[in-house]
K.L.:
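Have a look at this one before I ask anything.
Protein chains get the first letters and strands the later ones, always in sequence-line order, with residue 1 at the start of each.
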Protein chains: 2
Amino acid sequence: MANAPPPLSPRKTPRQARSKATVHAILEAAARILETQGADAVTTNAVADRAGVSVGSLYQYFPSKEAIFAELIRQMRAQMRDDIFRAMDFVVGKSLSFAMARLVRAVIHHHVHRAHRADALEHLEAQLPPDPDSLAMMSQTRARLALCLTQHDVPQPEQAAEDVLNLIIGMAHPALHDGETDFDSLARRIDPAVLGYLGANVTVS
Amino acid sequence: MANAPPPLSPRKTPRQARSKATVHAILEAAARILETQGADAVTTNAVADRAGVSVGSLYQYFPSKEAIFAELIRQMRAQMRDDIFRAMDFVVGKSLSFAMARLVRAVIHHHVHRAHRADALEHLEAQLPPDPDSLAMMSQTRARLALCLTQHDVPQPEQAAEDVLNLIIGMAHPALHDGETDFDSLARRIDPAVLGYLGANVTVS
DNA sequence: CCAAAATGTGAGCAATGGCTCATGTTCAAC
DNA sequence: GTTGAACATGAGCCATTGCTCACATTTTGG
């Protein structure tokens, strides 16, 4: 009857240094296979093999293959959140256009840094059941941006924060994916789009 | 030695009305399973079952499961291209802002119409080997938009066409996916972003 | 009508891959 | 040392699934 769906959170927390290394190796191996060979190549056997551990060990820490993906996605979302937090902290008190320029470059940098990994992970995320932790991190990211926009008197800052993030990612992601290497040119093309969006709502102060 | 990779094009063209119906039923079944249950649920047996045909028939017309996906993607790209062609034809001689507004609404309409299907297909496309036909259709789409931009003296129209499409899709797609239902509000938020982008390159004439 | 071509069937093969479990090894605490 | 918990192993179970093939049925052309 009560046939609970398998959880996506790690199965057991490692206590010794040895097992921490195991968990790290598993995640790293999964990520590398994902980047280089695509999602279908990420089999539990392949991951364990590449991590230099046995499948049994893998299943001591992750209840399912999907739990590994969920953890990788969590890490990516956390990094993006932190990147954007840093960018927003840096521009406190600066002009809106300066703040947005910084945001644009933070997002581009984030995508460049983890290009293939982030790419594949985002596709995976769409196919997995939504993870509360990941959702929370994205929510925090938007909230921090909304705070910045509020301080510049942008109306409906939550809506604007979401739109602006989608706009930047939507432009940067395909461009970088298609091999765009002139990051500066890309940033300078995104800037006016962001300001154009905000310009409809704010008179530049 | 010469172990050719399985082609993604249909295996045999149906000649009789009966088999045309079979092919159509297979594609429709695959699309419906994809929409409702996700990519992993699309097995050849499930598709044949839902289409009301046998697996054998399926493999008479598609050399592999991926060929079915490739065909669905081709259909989606063709429809998007045609939608945008129609929109661009309609705005010949009109102002740039009018043209862009029309484009924005065409893209939104396209995504609304085939919401879940287009969503899943685009994710699949990233995992499949690139299909020449699909690439050609996207190229034609960009070219048509670039022509429109050229007629409004937008510099670097090819680059701009790509950016504008990415911008519109990038904003519309996540919003619609998150259940946004006020399409008019969405369109009116995208408009200024597009004009902002173009505004950096053109003085409004 | 009748062959030949086109179309359709579905049991089942072969391969894959998620995951378990019986067993062995290392570590920490006393 | 000893003991129990934590950690690791990997052969292999079992379910799934892409796909084939030997055979049946329908359609077409003459």
K.L.:
For the CD1 atom of B:Ile190 and the CE atom of B:Met100, what is their distance to the nearest 0.5 Å?
P.N.:
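If we round to the nearest 0.5 Å, B:Ile190:CD1 and B:Met100:CE are 13.0 Å apart.
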K.L.:
Could you check whether atom CZ of A:Arg117 has more than 12 heavy atoms from other residues, nucleotides or ligands sitting under 6.0 Å from it?
P.N.:
yes
K.L.:
Round to the nearest Å and state the distance from B:Leu58 atom CG to C:dT7 atom P.
P.N.:
15 Å
K.L.:
Centre of B:Phe183's six-membered ring, under 6.0 Å away, within 45 degrees of the axis: is that where NZ or CZ of B:Arg105 sits?
P.N.:
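No, B:Arg105 does not sit over the ring of B:Phe183.
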K.L.:
Starting at atom CD of A:Glu66, determine the distance to atom C1' of C:dC19, rounded to an integer number of angstrom.
P.N.:
13 Å
K.L.:
Whole angstroms only, please: what is the OH-C1' distance between A:Tyr59 and C:dG17?
P.N.:
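For the pair A:Tyr59 OH and C:dG17 C1', the rounded distance is 8 Å.
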K.L.:
Rounding to an integer number of Å, can you tell me how far A:Gln16 CD sits from D:dG4 C1'?
P.N.:
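Value for this atom pair: 12 Å.
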K.L.:
For C:dT7, does either OP1 or OP2 sit under 4.0 Å from a side-chain N or O belonging to B:Ser19?
P.N.:
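B:Ser19 to C:dT7 OP1/OP2: side-chain N or O found under 4.0 Å.
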K.L.:
Just the rounded figure in Å: distance from P of C:dG18 to CG of A:Asn45.
P.N.:
7 Å
K.L.:
Please tell me which of the listed nucleotides, C:dG8, D:dG10, C:dT7, lies nearest to the side chain of B:Thr22?
P.N.:
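Selected nucleotide (nearest to the side chain): C:dG8.
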K.L.:
What nucleic acid atoms does B:Ser57 come within less than 4.0 Å of, heavy atoms only: base, sugar-phosphate, or nothing?
P.N.:
base
K.L.:
Could you check which of C:dT9, D:dT9, D:dG18 has an atom nearest any side-chain atom of B:Thr44?
P.N.:
D:dG18
K.L.:
Kindly say whether, by distance alone, the side chain of B:Gln60 makes a donor-acceptor pair under 3.5 Å with the base of C:dA6?
P.N.:
no
K.L.:
Could you tell me whether the phosphate oxygens of C:dG10, OP1 or OP2, come under 4.0 Å of any side-chain nitrogen or oxygen in B:Ser54?
P.N.:
no
K.L.:
Please give, in whole Å, the distance from C:dT26 P to A:Lys20 NZ?
P.N.:
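Computing the A:Lys20:NZ to C:dT26:P distance gives 20 Å.
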K.L.:
Picking from D:dT9, C:dT9, C:dT7, which would you name as closest to the side chain of B:Arg18?
P.N.:
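Selected nucleotide (nearest to the side chain): C:dT7.
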K.L.:
Show your working on side-chain hydrogen bond (donor to acceptor under 3.5 Å, both in side chains) between B:Asp83 and B:His109 and close with a plain yes or no.
P.N.:
CA-CA 9 Å; B:Asp83 283 354; B:His109 179 265; 4.9 Å; no
K.L.:
For the side chain of B:Thr43, counting heavy atoms from C-beta on, which of C:dC19, D:dC19, D:dT17 is nearest?
P.N.:
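When the side chain of B:Thr43 is considered, D:dT17 is the closest of C:dC19, D:dC19, D:dT17.
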K.L.:
Starting at atom CD1 of A:Ile68, determine the distance to atom C1' of C:dC19, rounded to an integer number of angstrom.
P.N.:
12 Å
K.L.:
From the options D:dC19, D:dT9, C:dC27, select the nucleotide whose nearest atom is closest to the side chain of B:Lys65.
P.N.:
D:dC19
K.L.:
For the residue pair B:Arg189 and A:Tyr197, would you count it as a cation-pi contact if the rule is NZ or CZ under 6.0 angstrom from the ring centre and within 45 degrees of the ring axis?
P.N.:
no
K.L.:
Rounded to the nearest Å, what distance is computed from the CD1 atom of residue B:Ile33 to the P atom of nucleotide D:dT17?
P.N.:
11 Å
